[in-house]
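Contents: one structure, followed by commentary.
Not measured: the values here are computed from a predicted model. Convention: sequence-line order gives letters A, B, ...; per-chain numbering from 1. All heavy atoms count here, side chains included; hydrogens, waters and symmetry mates do not.
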Amino acid sequence: MEVEKYFDAKKIESKWYNYWMTNKFFFSKPNEKKPFTIVIPPPNVTGILHMGHMLNNTIQDILIRKARLDGFNACWVPGTDHASIATEAKVVNKLKEKGIKKDDLTREQFLEHSWDWTEKHGGLILKQLKKLGCSCDWNRTKFTLDKDMSESVIKVFIELHKKGLIYRGHRMVNWDPEARTTLSNEEVIFDEVETKIFYISYKILNSSEEIQVATTRPETIFGDTAIAFNPDDKRYLKFLGKKAIIPILNKEIPIIMDSQVDLEFGTGCLKITPAHSENDKLIGERHKLEIVDILNDDGSLNELNLQYSGLDRFDARNKIVKELSSIGALKKSEPYTTKIGKSERTNCIIEPRLSKQWFLKMKKISEPALSSVMNDEIKFFPKKFKNTFRNWMENIRDWNISRQLWWGHRLPVYYYGPEKDNYIVAENIDNALELVNQKKGYELLKKEDLVQDNDVLDTWFSSWLWPISVFDGIRNPKNKDFNYYYPTNDLVTGPDILFFWVARMIISGHEFKKSIPFNSVYFTGLVRDKLGRKMSKQLGNSPDALKLIDKFGADSVRVGLLFSAPAGNDLLFDESLCQQGKNFSNKIWNSLRLLKSWKVSEKLKECESSAIASKWFDSKFNLKLIEIEDHFKKYRISDALITIYKLIWEDYCSWYLEMVKPNYSEQIDYVTFNNTLQYFKKCLKILHPFMPFLTEEIWSLIKEKKDSPLIVSNWPETKPFDIKCLDNFKHIKKVITNIRKFRNENSYSFSKKLEIVTKSNFNNKFSGIVLKLTNTHVESKKNKTPNNKNSIIVDSKEYFVLNSFESKDDKTKIRQELDYNIGFLKSIQAKLNNKKFISNAPQNVVINEQKKEKDTLEKIRILESKLSE
RNA sequence: GGGCGCUUAGCUCAGUUGGUUCAGAGCACUUGGUUUACACCCAAGGGGUCGGGGGUUCGAAUCCCUCAGCGCCCACCA
């Protein structure tokens, strides 16, 4: 049968994906087999596929396909995340383009726009995953705002509230003035920025003296409620108990002492603004200071700020500095480098701000999670993240779970009473009403008397339940799916969401199911460009994922990504790696062409060299298979791939096929042909998780009737290998390599004949394989012969010892080994002058492990004498 | 400031409990090669005081100390 010269990935990818889908090979239902489960880290619903997704999902697909071949009931649950703040920010922008402000809309109208957006852009990324070949169970696709998922979230909130773990508190939070919501600490990114530090003096009441403070935020002076210095700071003792006057505002504030003030920094005096700094708030609490919030939600100054009311905080800063300067209160300003927190999503500078928010107590519920990671019940790959994890868990803070947004799960909290300052937590308004009425026992309330909290939950408050809720394990803890698939096996994700997501899933697993949510976590690295830079839009160094697939084929891109993706290390991606993948595809494709071109003869006998080669490859395969399994066990996916890559390219193609392939116009014996076919099939099986399309295509061209499609075939069994056979072949290879080397170095052309003769026991010292050169003029170049002490020139013109043994130890054994090699070489000899075989012509010289052996013996001797002393 | 990690060939990285898989892989590089599976190829080859210094040991890339450089996480000074 004619097979096309080049492998065309494009032609076959959709064919096979459709085939797998129609035959429901990705779909999983509980059965008698053992489950193997992965839940996808749900990408943002409006996201598009980027390199990070490609890497992450390729790895998941490899694990799932491997498990499927291993005979597990493999289930990979896909889905998307509503991504509360990220999506809302996008919708707000979209509306802005249309000239619509969020404030002009009702909550319901805004949500309609958001759902619109979600329907238009959502799920695109899942389609893109299909292009990559991901074998997800698409019937199980979930979205964090699905009805059942939302109900689970609400149920969990209520449960935690009942346990007393959720509380409402007036706390210092990170305020994003653009999105006008709070953020958790994890959502704030600190960047170093060049700014200025201002030295401002405050007059002392009834005195001509002044007290000076240093601040980077002069616009907050109207929120000052004290000035503090360190008790050890003698300079300011005289001011203790006196009052300072805030410039411009002319308000009197106390001067206090607090050991938290750093006497080295600035002037040693600190203005205290309890409403806008965590630190100041703590000092404020100790001294019972007034709290003055000077900001509006959008970051502008509020009505307490005199003529500056309504100005944006940064405009106000400039103007206030100007005025301070004009009245002589500004003593100096200096350049200053500090770190400023920005919102991860809107990139807006964060305001620390006191605000009433909902929190989840973390300390207690995180304890079992910490220990399950530390004792390796959940394994982290690579291990180093255990420490990072511990560090965070041991210093865990309460989780701010409320957000002043509309897109998300609205808090199931209902306020009532004349001031609406009582609240009840309930599944819905009807429940709430019932509960309140039961509670009060008098004057029944109506629905209208209840007001639901406007806030939504942090987006991670739904995704922390993901491994449980995708199987509906919160609402129906006894359901079949949940009990079958949970806990899941592997989680594959980036270390950037270790705290956001991974840690919290482990916590929720323990809290709600008294078990771990997954057994292993594989942390992928960041995909960078080949210069090591992060991929970014500005640099334009982020390749379009789909274009790559289009150009090289999905298989090649998958392989290209993995060629440099050790777990947890960032990987430097370069398109050329995809090219390498494509070349690999072509190499395999060509072995198919070779096999297909053979004419098989039932009559021909298997020749000696083919028999030896087959036996060797069998052992080699089994040896490598054990290595590959080990790599998988340790989640060294790239190493597994590289091992397979070398096994196929080097061992199967370059050595094995070259040795057994018949000479031009000759036929191949059936035994050998069948061996090559069976080994080829085994190679396809182990490569399938990495290159699913190519392998399935080739499989379909060589499979026998009894074979199932590759995707649902079986991973080869691990079998023992013959170490002696491998050793022997190693010698043979070395001999051949050295003969080739000899040819190369001596420009001994292929047209010149080489003859191998055997000889043993000459000099009573060495046995060896001897290469006889005929028709040659090597004497002038004899010094270029193998630079190995044990290769000796027996005859300056004709003989080289290719392999030598010390015969004193085990003559028989050595003789056997020698005979084996010689027998093999003899069989190759016949092919030496065949043109067909030229490129791989088995030729030349030397093995020597003698020196090492001697060293080792010496070492052992020393050790022994030491021990006996 | 607290915690963690890294430094091995030109590049990206393996190297498990110190010693026969210990100096490795892939890519890149050099040289030679194409009428017969494959130039998207074949063959051969050259590259490393294992960041510096010191120590433990019969023996160190591997363990300890120290110095230098790089990176990550957390907290944060106004």
Side-chain angles (χ1 to χ4, degrees), chain A residues 3 5-7 185-186 190 197 213-217 220 228 260-262 264-267 269-273 277-280 336 338-339 341 382-392 394-395 397 495-496 498-499 526 530 532 556 563-566 568-572 574 576-577 579-598 630 634 636 638-639 641-643 645-646 653-654 657-658 661 663-665 737-738 740-745 747 749-750 835-836 838-841 843-844 849 852-853 855-856 858-863 865-867:
Chain A
V3 184
K5 186 160 181 186
Y6 290 105
F7 170 65
N185 290 345
E186 291 72 31
F190 283 89
I197 189 161
V213 301
T215 179
T216 53
R217 308 207 48 200
T220 62
Q260 204 171 325
V261 180
D262 180 354
E264 304 283 317
F265 191 90
T267 62
C269 281
L270 174 63
K271 70 188 211 50
I272 309 296
T273 325
S277 152
E278 176 85 53
N279 204 26
D280 291 11
Y336 183 70
T338 187
K339 280 180 187 167
K383 267 212 289 275
K384 64 178 175 186
F385 290 111
K386 268 171 83 172
N387 288 322
T388 314
F389 178 78
R390 181 172 64 187
N391 199 275
W392 190 74
E394 283 175 350
N395 299 296
R397 300 178 165 203
D496 51 331
L498 172 57
F499 307 131
L526 215 61
K530 64 175 165 183
S556 305
F563 273 137
S564 69
N569 281 15
D570 287 355
L571 61 116
L572 309 190
D574 185 29
S576 69
L577 293 169
Q579 185 58 47
Q580 198 188 334
K582 201 176 169 195
N583 295 353
F584 186 40
S585 303
N586 191 54
K587 181 70 188 177
I588 301 168
W589 187 251
N590 275 297
S591 19
L592 168 77
R593 292 179 59 218
L594 178 64
L595 261 66
K596 285 281 178 189
S597 73
W598 285 341
D630 188 53
K634 292 173 181 158
R636 300 158 69 133
S638 303
D639 293 314
L641 171 63
I642 287 169
T643 308
Y645 177 85
K646 277 164 62 187
C653 293
S654 294
L657 288 184
E658 288 296 344
K661 80 178 174 187
N663 294 333
Y664 180 55
S665 82
T737 300
N738 283 335
R740 286 169 177 162
K741 185 178 169 185
F742 172 83
R743 287 247 199 221
N744 248 340
E745 289 184 345
S747 305
S749 93
F750 290 110
K835 218 173 179 188
K836 168 98 178 184
I838 279 175
S839 65
N840 273 311
Q843 292 163 31
N844 210 330
E849 293 174 5
K852 279 183 186 168
E853 272 170 23
D855 289 352
T856 310
E858 189 59 27
K859 282 170 192 167
I860 292 170
R861 247 173 252 142
I862 293 168
L863 191 65
S865 63
K866 207 193 166 193
L867 285 173

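- The base-pairing partner of rU17(B), taking Watson-Crick or G-U wobble contacts with both distances under 3.5 Å, does not exist among the strands shown.
- In the set rA78(B), rA37(B), rG3(B), the nucleotide with an atom closest to the side chain of Thr215(A) is rA78(B).
- Here, rA14(B) and rG3(B) have their P atoms 25 Å apart, quoted to the whole Å.
- You'll find that the side chain of Asp262(A) is closest to rC77(B), out of rC77(B), rU12(B), rC40(B).
- Computed from coordinates, the Arg593(A) CZ to rC40(B) C1' distance equals 12 Å when rounded to whole Å.
- Across all strands shown, rG1(B) pairs with rC74(B); the Watson-Crick or G-U wobble distances both stay below 3.5 Å.
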Go through the steps for Leu270(A) and Asp280(A) under the test side chain to side chain contact (heavy atoms under 4.5 Å, CB included), then give the verdict. CA-CA 9 Å; Leu270(A) 174 63; Asp280(A) 291 11; 4.1 Å; yes
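- The distance between atom CD of Glu278(A) and atom P of rC76(B), rounded to the nearest whole Å, is 7 Å.
- Looking at the side chain of Lys339(A), the nearest of the listed nucleotides rA78(B), rC40(B), rC76(B) is rC76(B).
- Comparing the same atom, P, in rG5(B) and in rA43(B) gives a spacing of 43 Å after rounding to whole Å.
- With a cut-off of 3.5 Å on both Watson-Crick or G-U wobble distances, the partner of rG59(B) is given as none.
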Does the pair Lys582(A) and Phe7(A) meet the rule for a side chain to side chain contact (heavy atoms under 4.5 Å, CB included), with working shown? CA-CA 9 Å; Lys582(A) 201 176 169 195; Phe7(A) 170 65; over 6 Å; no
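- A straight line from CG of Asp496(A) to P of rC74(B) spans 10 Å, rounded to a whole angstrom.
- Between rA37(B), rA78(B), rC38(B), one nucleotide has an atom nearer to the side chain of Cys653(A) than all others, and that is rA37(B).
- Considering every non-hydrogen atom in both Asp570(A) and Leu526(A), the closest pair reads OD1-N, 2.9 Å.
- Side-chain N/O atoms of Tyr336(A) include one lying less than 4.0 angstrom from OP1 or OP2 on rA78(B).
- Scanning both residues, Lys5(A) and Asn590(A), for their nearest heavy atoms gives O-OD1, 4.1 Å.
- Residues Ala214(A) and Thr267(A) share a closest heavy-atom pair of N-OG1, 4.0 Å.
- The side chain of Leu270(A) sits closest to rA78(B) out of rC40(B), rA78(B), rG3(B).
- Evaluation of atom-type donor-acceptor distances gives a pair under 3.5 Å for the side chain of Lys587(A) against the base of rC38(B).
- Under the Watson-Crick and G-U wobble criteria, each requiring two contacts below 3.5 Å, nucleotide rG47(B) is left unpaired.
- When the C1' atom is compared between rA60(B) and rC22(B), the two are found 11 Å apart, to the nearest whole Å.
- Remark: the separation of the P atoms in rG54(B) and rC72(B) is 32 Å, to the nearest Å.
- To the nearest angstrom, P of rG71(B) lies 21 Å from CG of Asn387(A).
- Contact annotation: Arg636(A) reaches the phosphate of rG15(B) (side-chain N/O to OP1 or OP2, under 4.0 Å).
- Rounded to whole angstrom, the span from the CG atom of Asn590(A) across to the C1' atom of rC40(B) amounts to 9 Å.
- Syn is the conformation of rG47(B), whose glycosidic angle sits no further than 90° from 0.
- Residue whose closest nucleotide on RNA chain B sits further toward the 5' end, between Gln579(A) and Leu657(A): Leu657(A).
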Between the protein and nucleotides 7-9 of chain B, list the N/O to N/O atom pairs that are separated by less than 3.5 angstrom.
none

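- Out of rA43(B), rA37(B), rC38(B), the shortest distance to the side chain of Ser654(A) is found at rA43(B).
- In terms of position along RNA chain B, the nucleotide closest to Lys5(A) lies nearer the 5' end than the nucleotide closest to the other residue of the pair Lys5(A) and Gly266(A).
- For Phe499(A), the side-chain contact (heavy atoms from CB on, under 4.5 Å) partners two or more places apart in sequence, or in a different chain, are Glu186(A), Thr388(A), Trp392(A).
- The CD atom of Glu658(A) sits 14 Å away from the P atom of rC41(B) (whole-angstrom rounding).
- Of the listed nucleotides (rA78(B), rC73(B), rA75(B)), rC73(B) has the atom at the smallest distance from the side chain of Thr388(A).
- With C1' as the reference atom, rU17(B) and rU62(B) are 10 Å apart, rounded to whole Å.
- Taking atom CH2 of Trp392(A) as the reference point, atom C1' of rG2(B) lies 17 Å away to the nearest angstrom.
- In rU16(B) the base sits anti relative to the sugar, since the glycosidic angle is further than 90° from 0.
- If you check rC77(B), rC74(B), rA37(B) against the side chain of Phe499(A), the one that comes closest is rC74(B).
- In this structure, CG on Leu594(A) lies 8.0 Å from CD on Glu658(A), to the nearest 0.5 angstrom.
- Distances were taken from every side-chain heavy atom of Tyr6(A) (C-beta onward) to each of rC73(B), rA78(B), rC40(B); the shortest belongs to rC40(B).
- Judged by centroid separation below 5.5 Å and plane tilt below 30°, Phe563(A) does not stack onto the base of rC27(B).
- Look at rC41(B): its Watson-Crick or wobble partner, with both distances under 3.5 angstrom, is rG33(B).
- Residue Asp639(A) contributes atom CG, which lies 14 Å from atom P of rA25(B) at whole-angstrom precision.
- In this structure, CZ on Phe563(A) lies 9.0 Å from OG on Ser556(A), to the nearest 0.5 angstrom.
- Nearest to the side-chain atoms of Val261(A) among the listed nucleotides rU12(B), rA78(B), rG5(B) stands rA78(B).
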